[in-house]
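Taking it in order: structure first as structure tokens, then the write-up.
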Amino acid sequence: MGFCLSLIGRSISSFCGCTILLLFLLSCSCFTSTEAYDALDPNGNITIKWDIMSWTPDGYVAVVTMYNFQQYRHIQAPGWSLQWTWAKKEVIWSMLGGQTTEQGDCSRFKGNVPHCCKKDPVVVDLLPGTPYNQQIANCCKGGVVSSWVQDPANAASSFQVSVGSAGTTNKTVRVPKNFTLKAPGPGYTCGPAKIVKPSRFVSQDGRRVTQALMTWNVTCTYSQFLSQKTPTCCVSLSSFYNDTIVPCPTCTCGCQNNITQPGSCVEEDSPYLASVVSGSGKNSYTPLVQCTKHMCPIRVHWHVKLSYKEYWRVKVTITNFNYRMNYTQWNLVVQHPNFDNLTQIFSFNYKSLTPYAAISKF
Ligand SMILES: *[C@@H]1O[C@H](CO)[C@@H](O)[C@H](O)[C@H]1NC(C)=O
Ligand SMILES: *[C@@H]1O[C@H](CO)[C@@H](O)[C@H](O)[C@H]1NC(C)=O
Ligand SMILES: *[C@@H]1O[C@H](CO)[C@@H](O)[C@H](O)[C@H]1NC(C)=O
Ligand SMILES: *[C@@H]1O[C@H](CO)[C@@H](O)[C@H](O)[C@H]1NC(C)=O
Ligand SMILES: *[C@@H]1O[C@H](CO)[C@@H](O)[C@H](O)[C@H]1NC(C)=O
Ligand SMILES: *[C@@H]1O[C@H](CO)[C@@H](O)[C@H](O)[C@H]1NC(C)=O
Ligand SMILES: *[C@@H]1O[C@H](CO)[C@@H](O)[C@H](O)[C@H]1NC(C)=O
Ligand SMILES: *[C@@H]1O[C@H](CO)[C@@H](O)[C@H](O)[C@H]1NC(C)=O
């Protein structure tokens with residue numbers, strides 16, 4: 001069969017909306033590449049822009065904005081975290097719209113204590129419902145960012161940092177180094193910060209343009225290989241003209257191996273399951289899958305219902321086998337040679353997007 005599918009996390013608003021975003025592409029390349037880019041979205045990247053908005057007596061105030069320029073890969077809960085290493089002895093006096101996860105050792109400061117004194121701070125977005133006086137535009141969504149195709153209006157995330165013990169002119173300021181973006185979990189590689197032409201900002205009425213005092217960009221790209229060594233989904237097939245179901249190949253996403261890797265999967269009726277789902281493993285990004293032959297967290301079933309010369313119709317069913325994830329928003333990316341002429345998409349049945357839900361029908 002000349003196509004393959006991959007399911008990527010989450011998108012759109014919620015499953016009740018049931019808008020399905022299908023990106024139809026011609027070639028096929030499922031997990032065959034190990035390069036640090038995504039073959040389905042070769043130009044996709046997340047660009048992090050630092051705009052210095054003002055100089056202060058000992059540093060500067062910058063607005064940092066993350067733009068998700070990826071076609072379909074969004075950042076889902078629990079959201080992004082961004083780490084960098086300061087070039088000198090910079091500290092963060094205060095922040096809006098975001099916070100560092102740790103303050104670090106600020107004992108060298110008397111009186112005013114900075115927000116963060118770490119050499120390599122980790123910043124996260126604030127949560128929805130943050131008081132207005134701690135917000136800035138595009139902040140406070142718990143680090144959740146849409147992809148560009150899905151919802152450009154929500155494809156950016158911002159915070160403001162007030163940096164001290166730093167350069168106070170564009171000649172003395174040093175750009176931070178070693179940016180690490182987790183979105184969430186590993187997968188992204190960030191390049192060095194590059195000083196670029198200062199950003200320009202057009203006022204809402206369009207009658208005045210202001211500009212940043214200095215701007216630098218950092219570009220981060222996603223690599224499936226860095227994120228996960230094995231695929232995260234598999235495809236099974238069936239059709240109206242044949243009773244045989246072609247299942248996902250055995251061990252597509254790993255094998256059940258209780259000897260070398262005890263607990264690599266759990267049975268549906270295991271008493272252990274309740275404790276895993278309710279607590280302990282919540283912060284883990286490693287899938288905890290139901291025991292199946294394929295061992296994939298996600299199965300996409302492709303059922304050909306009709307196939308005429310003029311048109312064909314398929315039903316796609318997506319099943320979640322990962323007990324650690326409730327995919328509330330998601331999209332399905334499909335590569336197929338004749339999707340050019342796709343005429344209609346119907347909502348489809350889905351099962352078990354929450355582990356215990358029965359088949360739902362929309
Ligand atoms: C990042 O993506 C944007 C939008 O596709 C593109 O304009 C830009 O050139 C990309 N940046 C890099 C460094 O690839
Ligand atoms: C720094 O500012 C001066 C003007 O104040 C400008 O001519 C110069 O290009 C700026 N340098 C950088 C690296 O932005
Ligand atoms: C860059 O940051 C990562 C994550 O904190 C760290 O593991 C790595 O050692 C750092 N590399 C350099 C060159 O500082
Ligand atoms: C820097 O990033 C901003 C925001 O994505 C973009 O508009 C700008 O073109 C980038 N500059 C360069 C030189 O890539
Ligand atoms: C149904 O599919 C199976 C497996 O591909 C094949 O062996 C069998 O011959 C097919 N039966 C018919 C009636 O086409
Ligand atoms: C593997 O281990 C899990 C948990 O320890 C258990 O629920 C499952 O039945 C085992 N699977 C096999 C095939 O032995
Ligand atoms: C997924 O949703 C179900 C039902 O709402 C809930 O019981 C379960 O704890 C959730 N699991 C995770 C991992 O969030
Ligand atoms: C798409 O369908 C139209 C008629 O509905 C046909 O003229 C056209 O050639 C088809 N394009 C492709 C790429 O199959």
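Note: hydrogens, waters and symmetry copies are ignored here, and every other heavy atom, side chains too, is used. All values derive from a computational prediction rather than experimental measurement. First listed ligand is number 1; within each ligand, the first listed atom is number 1.
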> Are any of the N or O atoms of Thr219 closer than 3.5 Å to those of ligand 1?
Replying inline: no

> Going from CD1 on Ile48 to OG on Ser157, what distance comes out if it is rounded to the nearest 0.5 angstrom?
Replying inline: 10.0 Å

> Is a side-chain donor-acceptor pair under 3.5 Å present for His115 with Ser94?
Replying inline: no

> Is any heavy atom of the protein nearer than 4.0 Å to atom 2 (O) of ligand 2?
Replying inline: yes

>> Can you report which non-hydrogen protein atom sits closest to atom 12 (C) of ligand 2, along with the distance?
In response: Asn170 ND2, 3.2 Å

> Does NZ or CZ of Arg73 come closer than 6.0 Å to the centre of the six-membered ring of Tyr222, within 45° of the ring's axis?
Replying inline: yes

> Okay, side chain of Thr130, backbone of Gln134: is any donor-acceptor separation there less than 3.5 Å?
Replying inline: no

> How far is atom 13 (C) of ligand 4 from its nearest protein heavy atom, and which residue and atom name does that atom have?
Replying inline: Val196 CG1, 3.4 Å

> When rounded to the nearest 0.5 angstrom, what is the spacing between CE in Met295 and SG in Cys248?
Replying inline: 13.0 Å

> Have Trp55 and Asn170 got a donor and an acceptor in their side chains that come within less than 3.5 Å?
Replying inline: no

>> Please verify the inter-ring angle class for Trp216 with Trp50; under 30° counts as parallel, over 60° as perpendicular, anything in between as tilted.
In response: parallel

> Can you list the ligand 4 atoms lying under 4.0 Å from a non-hydrogen atom of Tyr67?
Replying inline: 4 (C), 5 (O)

>> Under 4.0 Å from atom 9 (O) of ligand 1, can you find at least one protein heavy atom?
In response: no

>> At less than 4.0 angstrom from any non-hydrogen atom of Thr47, what atoms of ligand 4 do you find?
In response: 2 (O), 5 (O)

> Any nitrogen or oxygen of Asn217, main chain or side chain, under 3.5 Å from a nitrogen or oxygen of ligand 4?
Replying inline: yes

> Do the rings of His301 and His303 sit parallel, tilted or perpendicular, given the 30° and 60° boundaries?
Replying inline: parallel

> Considering only the protein, which heavy-atom contact is closest to atom 6 (C) of ligand 1, and what is its distance?
Replying inline: Asn45 ND2, 4.2 Å

> Can you list the atoms of ligand 4 that are under 4.0 Å from a heavy atom of Lys49?
Replying inline: 2 (O), 3 (C), 4 (C)

> What's the shortest distance from atom 5 (O) of ligand 4 to any protein heavy atom, and which residue and atom give it?
Replying inline: Phe69 CE1, 3.3 Å

